[in-house]
Amino acid sequence: MRSIRVAAIGAVTLSLALAVSACGGGSSTGGGGSNDSPKTLTYWASNQGASIAVDKKVLKPELDKFEKQTGIRVKLEVIPWSELLNRILTATTSGQGPDVLNIGNTWSASLQASGALLSWDDKNFGGIGGKDRFVDSALGSTGVKGEDPAAVPLYSMAYALYYNKKMFADAGIAKPPATWDEVVADGKKLSKDGKWGLGAEGANLSENIHQVFVLAKQHGADFFTADGKPDFTSDGAVTAIKQYVDLMAKDKIIAPGNAEYAQNQSLSDFAKGKTAMVLWQTASATFASLGMKDDEWGVAPAPVRSGTPGTGTAVNSMVAGINLAVFKNTDNHDGAVKFVKFMTGDAEQKILNKAYGSIPPVKAAQSDPAFNTQATAALRDTLAKSAEALPQVADESQFETSVGTAVKELFADAAAGRPVTTASVKAKLEKAQQQMPAK
C-alpha cells in the first residue's frame, strides 16, 4: 500500500467494526445490497498521486468514460491516507459508506472480518473475467487465506532503493548499495554539508511497519504467530526495529527532522537534492511531479543483510498495493461489479498504472512496454522474487497502529538525542502488544 498513509484508527477501533456488519436494504441481490439506485455509484479513491488534485485529474476522465459506456454516474471522493482507515471503519459501523472504495491491501483481512465488504466468490469473480486474470502475489493480499477474497487487486507495488546519481558520483560511489552495511557506509559518505544519506518518514505509522516488517523477516522473525497471535517482542523483532531507528540514532545517515515526516516530505527532500537515497514504493511519478528528471535518479533492489534478494531471510519488500472493494450494503450491486470490471480491465489497468507508476496486478496488462522501464522493472522483479505479504490477520490494522506508533516514538527519541537501546525498544514493543485485542 502506498506509504503516505497513516493508519491511525483513533477513536474508531476495529473491535467496534467487528461487532457490526453493514446491513443492506431494498431488493436483495442474493449477495447483499440491492439495485435500488442503478444509475449512480459513490467511489472513495485513495490518494495515489502527488496530490488529491493529481488523482482527480487522473481518475475523472476514466470515470466519465465509464459513465458513457454504462450510463452510471460515479461520484468521486479522493481521501488522504491519514483519514482513509478511520473513514472506512466508521462506514462499517454506521452502514453509511460508499458503494466502491480503495483499501490498502494490508487492511484486507481486518476489513474482511468486519463483514461489511462484499465477498468475491467464484460468481462475483466470474462477473469481472475470473480470478485467474490476476497475479498470485496480488491475490495473496486480498483477505484471509482459504476464504473468499474481500477485495480485488487494483494497483501493485513493491519497495525499491532510489538514489540520486549526481550525489553518488560526487561522493565517489560507483554503484548503489545492495546490503544494509553498504547503505550505512555510503550514507555516511553522503551525510555532510547539510545533506543526508537516506530519507525516512518517521511519523508515518504504515511506512514504519513496512520497513520493520521486512527487517524482521531478514532477522528470521514474524510479528504474528502461525495461529495469528501477536508476537512483537521476539529477539528478531527487537533487533529489526533497533536497526531501523539506529539509521538516525547511531549511524546518523537520516536527518533528525525526518522523525516528524509523514506526508511524502522525504520524497520532496530527495527531489531537491537534500537526501541521496530513499526507500519507497512506486516513486517515479511523484519524482516527475516534483520536477525531477528521469536521468537524475536511479533505482535498485531494496537492501538485504547479505547476498541477493530472495525468499525467507532474503525478503526485501512487503507486497504493496491497493485493492478495490465493494460495500455489501451497496444499493447498486450490479453497477458496483461493473465498475470493478471496468477498473480492472486490461485497457484501464494500463492507463491507471502508467499514471501512478505502479504495476498492473492483471497479467495481460503487464505485457505493455511501459511496465518494463527503469521505473518499473525493479518493482516487477521484486514482486516476483523477493516480496512477502504482511500478515493477513484480523488484527493487522491494529498492529500497524500500535507498532507503527512505537517506531514513531523511538524516532522521536533519536531526534531528541535520547538513547535508543535494546531495552527501550523492547519496552515500547511490550506496550504495543498490550494494546492489541485480547485473544
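Remember, it's a predicted structure, so these values are computed and weren't measured experimentally. Values reported hereafter were calculated over all heavy atoms of this structure, with side chains retained and with hydrogens, waters and symmetry mates removed.
No hydrogens or angles considered: a donor-acceptor pair under 3.5 Å links the side chains of Gln211 and Glu207. Inspection of the Ser386 and Asn316 side chains reveals an N or O donor paired with an N or O acceptor under 3.5 Å. Counted by atom type alone, Tyr155 and Asn323 present zero donor-acceptor pairs between their side chains at under 3.5 Å. In the model, Ser206 has a side-chain atom that pairs as donor or acceptor with a side-chain atom of Glu400 under 3.5 Å. With hydrogens and angles left out, the side-chain atoms of Ser46 and Asn102 include a donor and acceptor closer than 3.5 Å. For the residue pair Glu430 and Thr233, no side-chain donor N or O sits within less than 3.5 Å of a side-chain acceptor on the partner. Residues Gln218 and Trp180 have side chains that bring a donor and an acceptor to within less than 3.5 angstrom of each other. Side chains of Gln349 and Thr344: a donor-acceptor N/O pair is absent below 3.5 angstrom, by distance only. Between the side chains of Asp269 and Tyr261, at least one donor N or O lies within less than 3.5 Å of an accepting N or O. Between the side chains of Thr376 and Thr373, at least one donor N or O sits under 3.5 Å from an acceptor N or O.
With values rounded to the nearest 0.5 angstrom, Lys428 atom NZ is found 5.0 Å from Asp413 atom CG. Residue Leu84 holds its CG atom at 7.5 Å from CG of Leu101, rounded to the nearest 0.5 Å. If you take NE2 on His219 and OG1 on Thr313, they are separated by 10.0 Å, rounding to the nearest 0.5 Å. Here the CG atom belonging to Asp186 is positioned 10.0 Å from the NZ atom belonging to Lys175, to the nearest 0.5 angstrom. Here the OG1 atom belonging to Thr421 is positioned 10.0 Å from the CG atom belonging to Asp246, to the nearest 0.5 angstrom. One finds the NZ atom of Lys217 at 10.5 Å from the OG1 atom of Thr311 (value rounded to the nearest 0.5 Å).
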Residues Lys75, Leu41; criterion side chain to side chain contact (heavy atoms under 4.5 Å, CB included); working and verdict = CA-CA 6 Å; Lys75 301 175 183 177; Leu41 286 171; over 6 Å; no
query = Could you walk me through whether Lys350 and Asp346 pass the salt bridge (charged side-chain N to carboxylate O under 4.0 Å, His left out) check?
reply = CA-CA 6 Å; Lys350 293 176 184 179; Asp346 295 354; over 6 Å; no
inquiry  = Please evaluate residues Phe223 and Phe399 with respect to the criterion ring-ring contact (aromatic ring centres under 6.0 Å, His included), reporting the C-alpha separation (whole Å), side-chain torsions for both, the decisive distance (0.1 Å), and the verdict.
reply    = CA-CA 9 Å; Phe223 285 100; Phe399 157 64; 5.2 Å; yes
key: Derivation of the side chain to side chain contact (heavy atoms under 4.5 Å, CB included) call for Asn47 and Val54   = CA-CA 9 Å; Asn47 178 200; Val54 168; over 6 Å; no
message = Please evaluate residues Leu117 and Gln112 with respect to the criterion side chain to side chain contact (heavy atoms under 4.5 Å, CB included), reporting the C-alpha separation (whole Å), side-chain torsions for both, the decisive distance (0.1 Å), and the verdict.
response = CA-CA 6 Å; Leu117 301 183; Gln112 182 180 45; 5.8 Å; no
task = Assess whether side chain to side chain contact (heavy atoms under 4.5 Å, CB included) is satisfied between Asp99 and Val326, documenting all intermediate values.
result = CA-CA 6 Å; Asp99 298 288; Val326 174; 5.7 Å; no
query = Going through the checks in order, is the salt bridge (charged side-chain N to carboxylate O under 4.0 Å, His left out) test met by Lys65 and Glu62?
reply = CA-CA 5 Å; Lys65 188 188 304 180; Glu62 308 314 309; 2.9 Å; yes
ask   = Could you go step by step and tell me if Arg87 and Glu77 meet the salt bridge (charged side-chain N to carboxylate O under 4.0 Å, His left out) rule?
value = CA-CA 12 Å; Arg87 292 279 301 275; Glu77 183 178 359; 3.1 Å; yes
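Here the side chain of Ser141 pairs no donor or acceptor atom with the backbone of Ala138 at under 3.5 angstrom. At distances below 3.5 Å, at least one donor-acceptor pair connects side-chain atoms of Lys328 with backbone N or O atoms of Gly115. Here the side chain of Asn258 pairs no donor or acceptor atom with the backbone of Ser266 at under 3.5 angstrom. For Asp222 (side chain) and Thr225 (main-chain N/O), no donor-acceptor pair under 3.5 Å exists by modelled atom type. Between the side chain of Lys252 and the main chain of Ala249, a donor-acceptor pair closer than 3.5 Å is present. With hydrogens and angles disregarded, no donor-acceptor distance shorter than 3.5 Å links the side chain of Ser191 to the backbone of Lys188. Put simply, the side chain of Ser268 never gets that close to the backbone of Gln265: no donor and acceptor are under 3.5 Å apart. Within the 3.5 Å criterion, the main-chain N or O of Pro360 finds a donor-acceptor partner in the side chain of Gln366. With Thr239 contributing its side chain and Gly236 its backbone, the two residues share no donor-acceptor pair below 3.5 Å.
Around atom CG of Asp170, more than 12 heavy atoms belonging to other residues, nucleotides or ligands sit under 6.0 Å away. Crowding of Asp295 atom CG: a count of heavy atoms from other residues, nucleotides or ligands under 6.0 Å exceeding 12. Residue-environment remark: CD (Glu260) stays at or below the threshold of 12 foreign heavy atoms within 6.0 Å. Residue-environment remark: NZ (Lys166) stays at or below the threshold of 12 foreign heavy atoms within 6.0 Å.
Annotation for Val184 and Ile253: closest pair O-CG2, 4.0 Å, computed over non-hydrogen atoms. For the residue pair Tyr162 and Thr282, the shortest heavy atom distance occurs at OH-N, 3.6 Å. Among all heavy-atom pairs drawn from Ala158 and Leu379, the shortest one is O-CD2, 3.2 Å. Across every non-hydrogen atom of Gly97 and Ala91, the tightest pair is CA-CB, 3.7 Å. Closest non-hydrogen pair, Pro361 versus Ser156, comes out as CB-OG, 3.3 Å. Between Val152 and Phe134, the shortest heavy-atom distance links the atoms CG1-CZ, 3.4 Å.
With sequence neighbours excluded, no residue satisfies side chain to side chain donor-acceptor pair (under 3.5 Å) with Asn208.
Outside the 6.0 Å centre-distance limit, the rings of Tyr163 and Phe270 are not counted as a close aromatic pair. Phe339 and Phe66 have their aromatic ring centers within a separation under 6.0 angstrom. Taking the six-membered ring where the residue is Trp, the centroids of Trp107 and Trp81 are separated by under 6.0 Å.
Between Pro303 and the options Asp181, Leu279, Val214, Thr179, a side chain to side chain contact (heavy atoms under 4.5 Å, CB included) holds for only Leu279. Checked options Arg380, Lys354, Lys363; the residue passing with Asp368 is Lys354 (criterion: salt bridge (charged side-chain N to carboxylate O under 4.0 Å, His left out)).
Classified by interplanar angle (parallel below 30°, tilted 30° to 60°, perpendicular above 60°), the ring pair Tyr159/His210 is perpendicular.
Inter-residue side-chain proximity for Ser110 and Asp395 is flagged as unmet; no heavy-atom pair is nearer than 4.5 Å. Counting heavy atoms from C-beta outward, Ile88 and Ile103 have side chains that approach closer than 4.5 Å. Contact check for Leu352 versus Leu59: side-chain heavy atoms found under the 4.5 Å cut-off.
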